[in-house]
Each structure stands twice: as structure tokens, then as C-alpha cells.
2 protein chains.
Amino acid sequence: MLKEVLLGLLAGAGVFTVGILLGHFAIDKGSSLPEWARDASRDVDESIIEKFLAELDTSEIKENLRELTKVPHMATTPGDEATVDFMLKRWQDPKTGLDSAWREDYKVYLSFPNKTNPNKVSVVDPENRVLFTAREKEKAYKPEQEDPEVVQPYAAYSPAGNVKGKLVYANQGKMSDYELLNQTLDLTGCIAITRYGGEGRSKKAINAAKFGIVGVLVYTEPYDINDGLVSESETYPHSWYLPPSGVERGSYNIDFGDLLTPYLAAKDDTYRRPKEEITGIPPIPAQPIGFEDAERLICELDGDNVPDGWQGSLNCTYKLGGPGFKPTSPLNNSNVHLDIYNTERLENSANVMGVIRGSVEPDRYVIYGNHRDSWVHGAIDPSSGTAVMLEITRVLGKMVKEGKWRPRRSIIFGSWGAEEFGLIGSAEYTEEYFSKLSERTVAYINVDISVFANATLRASASPAAQSVLFTASKQVNAPGTTKSVYDNWIQYFNRTSPNYGIIPNVGFLTGAGSDYAAFMHYLGVTSMDISYYYDRSKTRARIYPAYHTAYDTFDYASTHIDPGFTSHQAVARTAGNVLVRLADSLLLPFNCSDYAESLEQYLSQAVTAFEGKLAANGVSMESLKKAVQLFRETATKLDRLIRDSDLAKETPLKARRINDQLMLLDRAFLDPLAFPEKYAFRHVIWASRSSSVPTFPGLADAVEQAERTGLKEDWDQAHKHLSIVTQAIAGAAHTLDDVI
Amino acid sequence: MLKEVLLGLLAGAGVFTVGILLGHFAIDKGSSLPEWARDASRDVDESIIEKFLAELDTSEIKENLRELTKVPHMATTPGDEATVDFMLKRWQDPKTGLDSAWREDYKVYLSFPNKTNPNKVSVVDPENRVLFTAREKEKAYKPEQEDPEVVQPYAAYSPAGNVKGKLVYANQGKMSDYELLNQTLDLTGCIAITRYGGEGRSKKAINAAKFGIVGVLVYTEPYDINDGLVSESETYPHSWYLPPSGVERGSYNIDFGDLLTPYLAAKDDTYRRPKEEITGIPPIPAQPIGFEDAERLICELDGDNVPDGWQGSLNCTYKLGGPGFKPTSPLNNSNVHLDIYNTERLENSANVMGVIRGSVEPDRYVIYGNHRDSWVHGAIDPSSGTAVMLEITRVLGKMVKEGKWRPRRSIIFGSWGAEEFGLIGSAEYTEEYFSKLSERTVAYINVDISVFANATLRASASPAAQSVLFTASKQVNAPGTTKSVYDNWIQYFNRTSPNYGIIPNVGFLTGAGSDYAAFMHYLGVTSMDISYYYDRSKTRARIYPAYHTAYDTFDYASTHIDPGFTSHQAVARTAGNVLVRLADSLLLPFNCSDYAESLEQYLSQAVTAFEGKLAANGVSMESLKKAVQLFRETATKLDRLIRDSDLAKETPLKARRINDQLMLLDRAFLDPLAFPEKYAFRHVIWASRSSSVPTFPGLADAVEQAERTGLKEDWDQAHKHLSIVTQAIAGAAHTLDDVI
């Protein structure tokens, strides 16, 4: 038996060896890797995304909106404080909240009308008898408009002042508008009435002052906002259109951020410059009025008929003004009188911040934000966005609290304060945490007004983010259709890409229209701004008609903008999908070749518009062409490296390295000295631009300035801007090249 | 038998299972980790460092120096081109070279004397008869001084010009010096003779021009350079002291980098500003002379005796000047005449770059550099440093080529061009690759003049680097002693640290004395500058006496400075050790608590000097105190995290995360708008400073300016600088805090 047992044992020894070998080699090595190695190589989980998208609920969004819009919540008012508490309660909820949430306060410089001494617009005859007085508040159609907290319509940062003068109609208040008037009229001492649009609010007054004009009225032209409709029976509450007494409030400033503390966070004892040093605000009193009042003034004007394009939908032929009113008018010989009592105050404004800590790369931030403050109830602006953000945080927070999910990277949510006064909360945040945010922020997603209308997605973004917007929008159904948001979008906004053919057109983030500005322009963070938007073939509305008025209420939003809240949901799903992809993807879903395409597009525009003019002044564009070409080559190289890598099987440091290249791409275009006169505009490609040529802003503006003056020093500046943008693009290309 | 076999098989099945289990669990999991995991967790290998230090050879350094100093190699001359070729040959050597090496060219704005029409300094009587002419070249004691490529002594960037005037002696050419003269003399139309030291070269002329002075001579005072010795028998070649005819050349400018292209790399078609826009260069002709000639002028002066501290070692009692010479002098009634023919030219200057690619984190750079250009043969300045760099690259290159070693991080070596004209090569490099270098550079090590003398190590650095300097210097023997470099160092330079007690004093990098400037101040890269230095108790020499003269030759260096080349070797070993530690350590050897200590030291100085004055003007320093305290707290927290981590066993992403915090710490102090008038000084803590109070430069200079003028707007500026530095320190503290 010994022999047989030995035989058995021998066989056993063999299987023992086989066992060892099996144990060592055959059992999936993955399972023998330490847990961190598996975590580090994990990619986005599509089933989590599906689950997340499915949970985003229209009725939750609707209830968020109802809660957020109960009372007016202009920045730093008690209503604003109530929304701070509400956000904190939600983000600190033990079942659906975030890992942590807190408030951060800044003491910021705001401008308000005087509650007990409201601004007055009137017409007075030579004996100072008042012949006409404009409304001090909008007409109430619902109880919301009766709320005593509804702020009187005003032009924030307009100086207080008491001015009188003959009226002229100055169209949009552009320099060219005043120049035209100035050809036939002496504008000195006049009051101008201008319509919103075509020029920045504050510029209407700044331009006017250059011609000796002493005060500016700004009204909402029904041609621009109401598709021409003017009667009460056709406007809210009967439709989404603006009632005759509706007035667009707004901040009349050019620069964003707290105006007394540029580049410094506005803390209690931060240095504040003298208010005399503030630039970009009206030098003369300004006041907005409704078109009902505007009609009373414009239709009485004397003078020549207005040129093409100046005529609006009010019930008369528009005249330029005599200056002043026509002889047959009861207002003949009278002056328009602006009595403005705005005061500036330092007030405490809060950002509410919330965080979900990343599991693998907690030191990488995806930031999602929107402002919280409104002018009045702000149902659409900004609460439609906040309602969406709260629904996203509810679903993500719940998954985190239930232990079902935790993002690879950290997610930071920001509910910014005092945006309406000039993007102040977000700007102060980026100033205070500049270094930390510069080092670690992967992307910023802004959803302010989430739904303007129900037709289509609209997005503006750094070109690096185009691809993730496409991926996300293909996975969401467009409300009211059987198509994806992407397939719907491409019908409304599209362009022909040299690389992809026809694709949805993602706009460029060249302005400072919402809180993305500090992220895109100051920090150089790849940013995007997402909303649902109009069918432009069905309306010319400059913006949704109740914008910045007392009619932007829950009733307005839920009756006229998005009754089923399905567009809100589509935005939540699209933006939320982008957010989770940015937070969870092993490799950041940014595409540097798409960036190259945009640079090539800009280059081509610049060559067409400026190459001849520059050459005539001895300046060659060859280096710029080479820089763009180098960018294309290095982008292609990085794309190839990504394609040829199996990152899940390689060191996590490789994915991190490539991700750093992608994360920092927009940062590479920053030049803090390129635009010394423009606060916080440091991104050489996307900075604001005066020129109408859609190309590199510094170059375009400098060439056009040089053309205007013909001065050698201005052509020098054009050359300098050419060198700045060339170096920025080449410098960015170097960051995409082999890392050593 | 079936039963027995079954029994055996059963037993076999048991061992099979045991085998599987053994295979799966018992065999060292380490060996089952993928290779990348082991690489990622590998720390610095002390045996490699030992081997590396042992191989650094004095005779190799000596031969490098001999080769580098064969001919004069002023920037952009044929001699400079020869050193370019030599560096490339060495770094491209198949056995001891680097992974790759190349040259990078810039077209830079340089200033040269006219070879065929040399600058002239003379004394002319009223009939324009020449009574005295200063030397045009230094006296030859060795063949090197006869080399036709020895450039005439001159003041680079001094304008050409032909000026005459009565002579005054203006000490060091400080504002206070001219103010004193101006109390009793009319300086208009005078020529000033000043001594080197106490004030920047160019400032001596800039200050002078404010008083109507039309030309400036600058000489090397033997009291300052030769410990008072003046006779040929006591100076080189008999000692290290400067011969009577020796003249210090130098660049007369305040700003560094190419003067026509600030912030832009000087490529062929880069925008160049008009030369009229250059600031910081002499507005009046300037020329340096030797003390032999200076004596002929100073000792003939009329006027009052000079005040204390102005007297030097020339053989007479120094007078202020009548202005002009004394009646008893043969030069009576005569003028000093400066005839300067300097011209500015755009010339091609090369950096030579070499790289060793990192194995684990190739996208992290440790940069080691020195300039290559000299004024004449430049044996000490800069070739002593280049000889050391070449020996370091030889030993490291060999280890790489033999497959024995490859650093964790990439190492970049830079042999900079045109440093003598204003750190131009390194500045252009940081401008061209700003984004890439900002993102990835761990540290910059500068070894320019490696050996001033043989007494002790001297180092200046960002406080973050103090600890690695200490670690490295403890492992190297000090030449001529039985002690470590560290133990020797502490005897010469020391301070009492609140945390460590008595330690070697590492200086702060507040100036722009060598190529670290662009890295420390513009990029915010943790930088250090390392050399061997004097025993200050044995000499007052302002700098080694042959500095910037035709006597700075291989003979001088090998006879009088470091005959055995052991100090060169000690620097090679210390700097090389630092380099390998920075490149190989799993965790960067930077210490943020040491940074906190420096900030506390600066704070304490600021409070002592300025708190009362600021309070009297309504400005509180409390926020600054809180910011420094926050920095201390977050530094302690990060230190604790590091101490409590076993990084070799954790995800490599954790070490990378902490390393990013450490790498980017100096970056967090950058503010590109803090010092608009100072090119490239962006580091709010270490920027240059006019105030003598060793503290935050913006604050100190602004408070002192406000004290001088008493103007409200200047106190506002002091408040602003307080806010700037407070925000920078708090912002840096946030980067050290928990990453989310």
C-alpha cells in the first residue's frame, strides 16, 4: 500500500506544484493588487451615470424652485440670507447632503436705491411744473409684485444726481449712435433715452458723457424683447412677454468682482481703493424705465426721423429729438428730469460652498456653480439654475451617503453671492483661493439661467470641453422629442468642423456674462456654461422677457417657461452627466485637438482680416502661424499617446501626468500682463474683445486701434500683441509635447 | 489499490489547495506587484549617492576649468561659441553624456565698446590739452592678459557720449552720497568718481544724473577689494589681490532679462520696444577704471575732506573736489573728459540644454544651471561653476549610460548665455517655457561662482530647501578639515532657529545676483544658490579681487583660489547630493515648517518696525498675523500627514499629491501685479527691497515711502501692500491644508 500511497502523494505533489502555479499566476492578478491600484485605474462607471440620470426628478426641481423664489432675494437682503440657510440645510442634510458645506463671507461694495426716497424720472416745464412722472414700480398682476421687498428698478452703480435736460433718442447708446446724433444736434446738457442691447449697460452712459450728455434713461424696447407686442392683453400673465411697466434692473459696470478690491478678496480689513478710482461705471446718472413710460417720452420727440434700425415697436415714428419734444406736444419746451438717490454701501455677501471629497484624487476639483442672488424673485435668473444644482446635489449626495458612490476627484459646489452686481461672489472666491484653485481645478461648470426656453441646449465652453459636452448630451433625451439632446441641439446651433463635419456649435466663453468669468479668464480653468434655449426662428427676444423684472417669478417660470420642468431636467441631466464624467473618468475627457481646431479657426480669421495690414506695417504673422501649427502637432502627439496607452494597466502616475497636461492646458494661455486695463482678463485667447472679428482679442483690438490712429506706437502695440499671443500658443503647445 | 490511490489523491487534493493558497498568499506579494508599483514607491538610494559622491573628481574639475578658460568667452563672441560646442560635445558624449542635449538661441540686446575706437578717460586743460589719460587695458602679467579678445573695460549699457566736467568724489554713488555733496557743491555739469559697492552699478549714474552730473567714473577701491593693499608686489600674480590696473567690468542695468523684450522670449521677430523705453540704465556716460588711475584723480582733488567712511586706501586724504582739482595740482583748472563709444547690438546668444529623463515622474523637473559667458576668461566667474556642473553631468551621465541609475524625476541642465549682461539666457528661457516650467519644476539649483574661497559653504535659498541643504552638507567632508561641510559651515554662518537651535544660516534669495532670479522671482520655483566662500574674519574683500577683470584666469583660480580643487569638489558633492535627493526622493525633501519659521521671522521684523506707524494711520496688522499663524498651522498639519504616512505602501497618487503641495508652495506666493515697476519680481516674500528692514519687501518699501512723504495715498499703498502679502500668505497656507 505504501507504493500506492506514494504514487498518490507523488501525484499530489504534482498537483501541489500546479496549485502553487495556479495560485500564483492563474488567479486574476487584478485581485492580488492592493486596493489602491484597482481604485487608481478605475474609469467612469456608465451604470452609475445611468442611475444618476434616472433619479433626477422634475418635481424635485420644481419644489426647489418654489422654495428658492418665495421672497425676493437680492444680494445681502434678508431674502438672500434665507436662501443661504436653505442651501446650507440642503447640503448639510444627513441623508442627501454633501460631505460638508459652509458659508464664506465677503464685505462687498454694492449700490442700492433709497427705499424712502426713490429715484424719480419726470418731465418738467420751464416753471418746474411736473408734466409727467415715470412709474416708480412695476404694475402688480400677482401678489409677488406687491411684496415690499421688490426693489425699485434702478441702475446699480449709477451715481446719485439731479439732472435736467432736453431729451434725445440715442438708439442703443453706442459710440456710433451718439456720433450720428452729434452730427446734427448739440448734445451738451441733454438727457439721452437709449434702449437695452447692442452695448453694455454702463457704456451707454459712459459714451453719452463724452458728448456732454448729463443723464441717461434706458428702456426695454418691445421690438427687441416682445417680438413687437406692447399691449397688456398680450403680455404676462397672458404670455411670457414683458408687461408695459416691466423694467430691467441691472448692474451698470464694466469690470467684474468687488469694485473696491480688485485682485484682493474683500475681507473686513482688506485695502479698499478710493471710490474715485473705480472705472467702468456711469459718470452721469442713469435710470432704467419700462416701455410704457418710454413711449410717453419717445413718441413726443421732435426732430428728424431716426435712421434705419433705430425704429422700434412703440406706437409712433421715432424721432431723434429736437433736442426735446415737438411743438405740438404737451411736453413742448420741457426738460426730462432725473433725480437719482442711489447710495453705495459695504454689505456682507455670502457664498455657500459644499464638497464631495474625491476618493482617488481628492486634490483635483471639479467645480459646479451658480449664483444665488437675484434682482427680485429671480425664478429664472438664477433660481432655475440653483433648482437644478440642488437636484444634482440631492441625487449625488444620496449616493454618497448610502455608500454607493464616491467620485474619483473632489467636487466643489458653489452658490455664489452678489453676482447681479458684477459676479462678485465668484470673483472674490477665486481671488482668495487663487493658488489652490489654479493648482487643482480640473473644470468649472456654470449653470445660471438653466432654462431660457424649451427648444434646445445651448453651451459655451473652452474648446477642450466640447467632446464631453457631446458625450453627455448624446445620453440625454431632449424634452418633447424622441431625440437626444445632442441630435436636437445640432438642429438649432451647428457648424461645420474640418475634423467632424456638422456638429453642434459650442460658443466661446469670451465675455463675462456669468460666474464662469473668473474661472475662465482669471484662473484659466477649462469652463463651460450650459442652458436650455430658444428656437431663434420663433422669437427675436433679446433674452427671456421677464429678465431682471418683478415678473420673473415661480408663476412665470412654471406657467410660461417650462411647465413640466422637463427642460430643467434635461439641463440637470446634461450638466450632471458632464460633472460626473469630469469627476470619475480615469483620463479627463478633454480634447486638445479640438482646441487646435479653434486656434486654427481664429488664426484663419486673423490672417484674412489683418495679415495684409500688418505686413504693410512691417509685421509678419509667420511666427503666429508656426505657433498654431506647433500646437496642432503637439496636440496630435498627445492624442496618439493617449490612444496608444492602456492606462488601466499602467502606473497611475501616467494617467495623472496626462491629466495634468489636459487640466493645465487652458492655464497655459494666461498672461497676467496682456490686458492691463481689463480686470482679471488673463486668458490670451478668450479675453473680451471690442473688434467684431472673431479672433485673438488683443491682436484684433490693437490692429483696429492702429488702423484708426495710424500711429507708429499703435502699430507697435499690434506687433506686441501678436508676440504675446504667439508666445502663449507656443507655450501651450510645449505643455502638450512629450513631458521631457 | 483504488482506495489507496484515492487516499493519495485525496491527500493530493489537500496539498493542491494548500499549494493554491501558498501560491496566492504566502509568496511575497511585493514580487507580484507590477514593476511600476515598485518603481513608484522607491525612495532615494543612499548607496547610489555614496557612489556618486566618491566619483566626483578634483582633477576632472580642474581639466574642465582649463578647457573652459582657454580663451575669453564674453557672450556671443567666438570664444562663447567655442564653449557652446564644448558643452554640447560633453553632454552628447556616448559614454558620459546626457540623454539629450541641444542649443537654444535668442537674439538679445547687448552693449559693447568699440574695438577700433576705444572708450577714453582723460584730463584736459582749458585749452583741451590732454594732461592725463587713463589706461585702456589692464597690465599684462601673464599671456592671458595679452589676448586680443580681452574686452576693454567698460560699463555695459552706458550710453555713448562725450562729456567733460569738474571732478567730484561721490563715495558709492548712493542718493545720500550725492545729497551730501550737493549741500556744499553745485554738481551741475560735474563728473563724479565713485567706488564700486554699496549701490547698484547703474544706480550710481542714475542717481548722479538727478543732480545734474554729466558723467560717472567707477573704480574699485583697494580698501574694499584688497584689504587695503595697493602695490604691485602684493597683488596678483603674487597674491589673489587685484593689481593696480585691474578694472571691474559689469552690466549697468537694474532690470534683468533682455531689455527690449520684457516678458517675451527674444526670438527673431518678437516685438522689441523702442530703446527709449528701457529704464534702469545710465542716462549719462559711465566708465569703470582701475585704482591706479583713480588714485591719480582722487588724490589731486580740491575741496573739503571726505566724511567718515568715504576715505579709502589710496595714498592720500580723500577730498570731495572743489569741484575739480586743487590749485597746487598739475591738473588744476582741468576737466575730466569721458569719451564713450559703446554701441548696442542684437546678437545671437545660446543656452545649452541637457536632459536626463526621469523614470517614474518624467514630468517633474529638477533644474541645475549656471551661466557660461564671462567678461574675460572668467575662470572663477562663471567657469568654476561650469567645471563643477560638467563633473556632475559626467558622473551622472556615466551611471545612466551604463544602466546603473536613472532618476525618478527628470533633470534638466542649463548652461545659460549672456548672464553678465543681465541674466539674459535664463530669463528668456523662463519666458519662452513659462507654462511648462511653472507646472513641472520642482527646484532650481544655481552654482555660478562655485568657489570664492576655501573657508566655508555659503548658500541662499527658499526656506523650503534648507533641510535638503543640511542633509547633503552633512554627508560631505569639508576640504582641509576632518569635519563635514555642515559642521564647518555652522562655524562661519549661523543663526539661532526657534525650532532647531543653532544652525547654519541659509540666506534669503531676495536679489537678482545670478540666474536663480528668473526661477525664484518670476516662476516661483524653490531655488538655491550654492558656493564655497571666505572666512570673513580674514578679509573684507567685497568679492574675490579678480572679479570681472582680465586676471580671472585659470592661473589665478588654480594658484590663488583653490589649488587642489577640493573646494570645487566639496561644492560638486554638496550641490550634486542636493540634486540627486531632489530627483530621487519619493517625497520631495522640502520642509514647509521651515518656511513658516522664515515667515514668522519676517512678521516679527515687520511688527517691530511698522506696526505702530501703521496703527497711527488706521491700518491694523492683525490679518497679517493671522495669515502667518494659519500658515504655521497648515504647515504643521502637512508635516503630521507626512509623518503618519507610509508612502511606500500607499497609492503613488498620495506621494504625488503631497509632492505637488510641496513643489507648488513657492508658486503660491506669486503675485504678478504686486510690483508693477519691477520686471519679473512676482514673489511677494522674496522680491527685491529698498528698505533695510529684513521683512516683506512690498510692505517695508511702501511704509518707508509713506513715512517720507506723509501722503494719504502713500499710506494707502502701504495698506494695499499689507493686504497683498496677507492674501499671498493665507493663499499659500490654503495650499498646505487638507487638499479638500
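Quantities reported herein were computed from a predicted structural model and do not represent experimental measurements.
Residue A/D666 comes nearest to A/G524 through the heavy atom pair CB-O, 3.2 Å, listed as atom of the first residue, atom of the second, then distance.
Counting heavy atoms from C-beta outward, B/I412 and B/M353 have side chains that approach closer than 4.5 Å. A heavy-atom distance below 4.5 Å is not found between the side chains of A/L722 and B/Y271. Between A/N659 and A/R409, the closest side-chain pair of non-hydrogen atoms falls below 4.5 Å. Between B/I658 and B/L641 there is a side-chain heavy-atom pair separated by less than 4.5 Å.
Inspection of the A/S623 and B/D269 side chains reveals an N or O donor paired with an N or O acceptor under 3.5 Å. Side chains of A/E431 and A/Y106: a donor-acceptor N/O pair is absent below 3.5 angstrom, by distance only.
A/E677 CD: more than 12 foreign heavy atoms inside a 6.0 Å radius.
Looking at B/R273, neither its backbone nor its side chain comes within 4.5 Å of chain A, counting heavy atoms on both sides. Interface residue B/T270: backbone and side-chain heavy atoms are both found under 4.5 Å from chain A. At a 4.5 Å heavy-atom cutoff, the contact between A/K649 and chain B is made by backbone atoms alone. For B/P676, no part sits under 4.5 Å from any heavy atom of chain A, backbone or side chain. Both the backbone and the side chain of A/V360 come within contact range of chain B, with heavy atoms under 4.5 Å apart. Both the backbone and the side chain of B/Y263 come within contact range of chain A, with heavy atoms under 4.5 Å apart. For B/L673, the part sitting under 4.5 Å from any heavy atom of chain A is the side chain, from C-beta outward, and nothing else.
Per-residue counts of heavy-atom pairs under 4.5 Å with chain B were compared for A/E361, A/E650, A/Q661; the largest is that of A/E650. The candidate from B/S620, B/S410, B/S100 with the greatest count of non-hydrogen atom pairs under 4.5 Å with chain A is B/S410. Of all the listed residues (B/E439, B/R364, B/E622, B/E432), the one sharing the greatest number of non-hydrogen pairs under 4.5 Å with chain A is B/E439. Of the listed residues A/R440, A/K267, A/R667, A/K436, the one with more heavy-atom pairs under 4.5 angstrom with chain B than any other is A/R440. Counting heavy-atom pairs closer than 4.5 Å to chain B, the top-ranked of the candidates A/D99, A/T261, A/T651, A/L437 is A/T651. Annotation: maximal heavy-atom pairing with chain B below 4.5 Å, among A/A668, A/G731, A/A40, occurs at A/A668.
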field: Step-by-step salt bridge (Lys or Arg N to Asp or Glu O under 4.0 Å) determination, A/D716 to A/K712
entry: CA-CA 6 Å; A/D716 273 2; A/K712 165 81 169 68; 2.8 Å; yes
